[in-house]
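The structure appears right after this line, and notes come after that.
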2 protein chains.
Amino acid sequence: MYMVENIDKYELILSSSRKLIEEIGFSALTMDRVAQKAGIAKGTVYLYFKDKDELLEKVLSSGFERMFKRIQDRVAKENGGINKLKALISENIDHIYENRYFFKTIFLDEVNVVFLKKKSKESFNLRRRRYADFIGEIIKSGIDSGEFRGGLGPAKGGYMLVSLIKTCAIYNFLNDRFEPTPEMIEKDAEEILNLFLHGISVK
Amino acid sequence: MYMVENIDKYELILSSSRKLIEEIGFSALTMDRVAQKAGIAKGTVYLYFKDKDELLEKVLSSGFERMFKRIQDRVAKENGGINKLKALISENIDHIYENRYFFKTIFLDEVNVVFLKKKSKESFNLRRRRYADFIGEIIKSGIDSGEFRGGLGPAKGGYMLVSLIKTCAIYNFLNDRFEPTPEMIEKDAEEILNLFLHGISVK
DNA sequence: TTGTATTATGACTTTAAAGTCATTATAATA
DNA sequence: TATTATAATGACTTTAAAGTCATAATACAA
């Protein structure tokens with residue numbers, strides 16, 4: 001196996017893999033399908049990528065780099081923590097929705113789910129929802145009773161914010177909201193920022 | 001294939017699968033290994049579970065039911081939204097740490113990671129950390145400048161809180177904190193509650 | 001245009017794990 | 001104890017996808 005250096009074909013394979021992941025998910029992704037999607041022979045894929053693992057790694061890392069750069073550029077234009085966070089959240093959400101089918105797979109096909117077939121996936125998601133609703137009821141009664149309206153380390157805070165953004169997207173995906181208007185996206189961003197800055201308490 | 005109704009053996013297969021998942025993760029779990037772990041023949045596993053999918057589904061759902069019941073019981077003893085949430089968070093964290101190796105697999109072997117080998121997993125986790133640190137820096141400077149210290153739907157709020165708890169655990173797992181003292185667990189619970197109630201802003 | 005290097009092909013090999021089933025062992029019953 | 005029903009076995013079959021490689025096509029250089 002010699003490594004070939006045709007950047008166009010390399011990118012073709014990457015983008016074909018990406019499209020396939022959007023269409024059929026990770027678990028059904030095979031090297032045969034990748035080759036077929038790219039319109040080349042399977043052997044050719046192996047001229048550009050050592051193995052399937054390397055291909056997946058490149059798909060994920062190139063996607064991440066694009067998103068990260070975009071967010072960094074946007075944030076750099078802002079001053080002050082709140083404005084930076086606000087920009088970061090907006091940009092991140094925009095990016096997720098512009099690549100919604102990719103992120104749908106990334107976010108929803110979690111480990112548990114990936115290894116389950118359709119029916120079991122559904123019951124998995126039902127359980128997730130049951131738990132969320134249970135908490136939802138608590139929150140609701142706290143709101144009704146007028147009760148609701150950091151010592152957090154920075155890196156930990158970062159993880160927390162990322163997870164809120166991701167969770168917001170998952171929530172929308174689970175409720176089949178795939179075509180949000182700019183207003184809905186704006187509202188999501190505000191909700192997340194507000195939660196992260198002020199929590200759910202009143203006052 | 002006739003279905004056999006020996007509850008002990010059924011549970012034996014479930015617990016063996018669970019142990020295996022803790023030890024080797026989902027991706028390496030095979031029916032041969034399950035049988036070996038349980039000390040029975042592979043065919044026997046199929047007397048109790050239709051297929052691998054059903055086995056995994058039962059492992060996950062039985063784990064969830066146990067956790068959910070435990071949390072419900074604990075929360076039922078409290079009055080008021082804040083107290084209920086506080087109890088819920090504590091109980092959830094306790095449960096996660098009591099079953100830390102199981103949840104480590106569940107939480108860390110996300111879709112992307114599951115299909116990657118060791119080296120690619122590491123770079124995946126590095127990217128996750130890079131992004132978290134980037135946000136961390138923003139938060140840090142906001143704190144330095146004294147800047148930091150809802151309209152959220154209940155169900156969505158529920159998802160958000162679950163994700164904060166999960167993320168807190170992931171953060172500890174990624175930093176190899178597997179044996180937290182009761183004090184550390186208590187601190188985690190407080191941090192999450194505080195974040196969820198008041199956010200990171202000052203005042 | 002001829003020879004060499006590079007790139008591409010896809011049939012084939014290998015590997016791995018799911019799922020089956022004829023056979024055997026054990027327990028229950030008469 | 002003999003007979004039947006239930007449970008267990010593990011070698012075998014099947015399936016699927018990763019990865020290889022001898023051969024062919026194309027681009028490039030002399």
Side-chain angles (χ1 to χ4, degrees), chain A residues 1-17 20-21 23-60 105 109 111-121, chain B residues 1-17 20-21 23-60 105 109 111-121:
Chain A
M1 183 268 291
Y2 13 81
M3 269 295 151
V4 170
E5 304 257 341
N6 178 344
I7 188 70
D8 287 348
K9 195 148 282 180
Y10 180 91
E11 292 296 337
L12 171 69
I13 295 168
L14 271 190
S15 64
S16 303
S17 306
L20 265 179
I21 289 167
E23 288 168 19
I24 61 175
F26 275 93
S27 46
L29 191 86
T30 67
M31 297 302 257
D32 283 284
R33 289 223 221 201
V34 168
Q36 189 189 32
K37 187 82 178 176
I40 59 180
K42 181 155 70 155
T44 307
V45 178
Y46 284 90
L47 294 179
Y48 293 87
F49 299 90
K50 198 174 112 276
D51 53 24
K52 190 184 179 185
D53 184 56
E54 184 176 299
L55 173 58
L56 287 179
E57 161 62 16
K58 293 300 182 206
V59 169
L60 293 170
T105 297
D109 281 5
V111 62
N112 327 294
V113 175
V114 153
F115 292 99
L116 303 175
K117 291 183 198 130
K118 194 142 188 283
K119 219 180 146 218
S120 305
K121 276 195 194 192
Chain B
M1 184 268 287
Y2 14 78
M3 269 297 152
V4 171
E5 306 256 341
N6 178 344
I7 189 69
D8 286 347
K9 194 148 281 181
Y10 180 92
E11 291 297 337
L12 170 69
I13 295 168
L14 271 190
S15 65
S16 302
S17 305
L20 265 178
I21 289 168
E23 287 168 20
I24 61 175
F26 275 92
S27 45
L29 191 86
T30 67
M31 296 304 258
D32 283 284
R33 290 224 220 200
V34 167
Q36 189 190 33
K37 187 82 178 177
I40 59 179
K42 182 155 71 154
T44 308
V45 177
Y46 284 90
L47 294 180
Y48 293 87
F49 299 90
K50 198 175 110 276
D51 53 24
K52 190 184 178 185
D53 184 58
E54 183 177 299
L55 173 58
L56 286 180
E57 161 62 17
K58 294 300 182 204
V59 169
L60 292 171
T105 296
D109 280 4
V111 62
N112 326 294
V113 175
V114 153
F115 293 98
L116 304 176
K117 292 182 196 131
K118 195 143 187 282
K119 222 181 142 215
S120 305
K121 275 195 196 194

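Reckoned from all heavy atoms, side chains included, excluding hydrogens, waters and symmetry mates. So you know, we letter chains A, B, ... as the sequences are listed, proteins then strands, and number each from 1.
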*Over how many whole Å does the gap from B:Asp32 atom CG to C:dG19 atom P extend?*
11 Å
_Would you compute the distance between atom CZ of A:Arg33 and atom CD of A:Glu23 and round it to the nearest 0.5 angstrom?_
9.5 Å
*Between P of D:dA16 and CZ of A:Arg33, the distance in whole Å*: 11 Å
*Locate the shortest heavy-atom distance separating B:Ala41 from B:Ala35; write the atom from each residue and the value.*
C-CB, 3.8 Å
*Quickly work out the A:Phe49 CZ to D:dA18 P distance and round it to whole Å.*
15 Å
*When the distance from CD1 of A:Ile13 to P of C:dT7 is rounded to whole Å, what number comes out?*
13 Å
*Check the distance between D:dA17's P and A:Gln36's CD and give it to me in whole angstrom.*
12 Å
*What closest approach, in Å, do B:Glu54 and B:Phe49 show between heavy atoms, and which atom pair accounts for it?*
OE2-CA, 3.6 Å
*Nearest to the side chain of B:Tyr46, which nucleotide is it out of D:dG19, C:dA18, D:dA18?*
C:dA18
*Which atom names give the shortest non-hydrogen contact between A:Val45 and A:Met31, and what distance separates them?*
CG1-CE, 3.8 Å
*At under 4.0 Å between heavy atoms, what does A:Leu55 touch on the DNA or RNA strands: base, sugar-phosphate, or nothing?*
nothing
_Heavy-atom check, side chain of B:Tyr48 versus side chain of B:Leu14, under 4.5 Å_ = no
*Shortest non-hydrogen contact from A:Leu55 to A:Ile13?*
CD1-CG2, 4.0 Å
_Closest approach of B:Ile21 to B:Val59 (non-hydrogen atoms, all atoms of both residues)_ = CD1-CG1, 3.9 Å
_Without decimals, in angstroms, what is the distance between A:Tyr10 OH and C:dT7 C1'?_
18 Å
*Nearest-Å distance, NZ (B:Lys50) to C1' (C:dT20)?*
15 Å
Would you list the protein and nucleotides 9-13 of chain D atom pairs, both N or O, that sit under 3.5 Å from each other?
unit_1	atom_1	unit_2	atom_2	d
D:dT9	OP2	B:Ala41	N	2.9
D:dT9	OP2	B:Thr44	OG1	2.6

*Atom CG of A:Asp51 and atom C1' of D:dA17: how far apart are they, to the nearest Å?*
14 Å
_Counting only side-chain heavy atoms from C-beta out, which of D:dA18, C:dA8, C:dA18 sits nearest to B:Met31?_
C:dA18
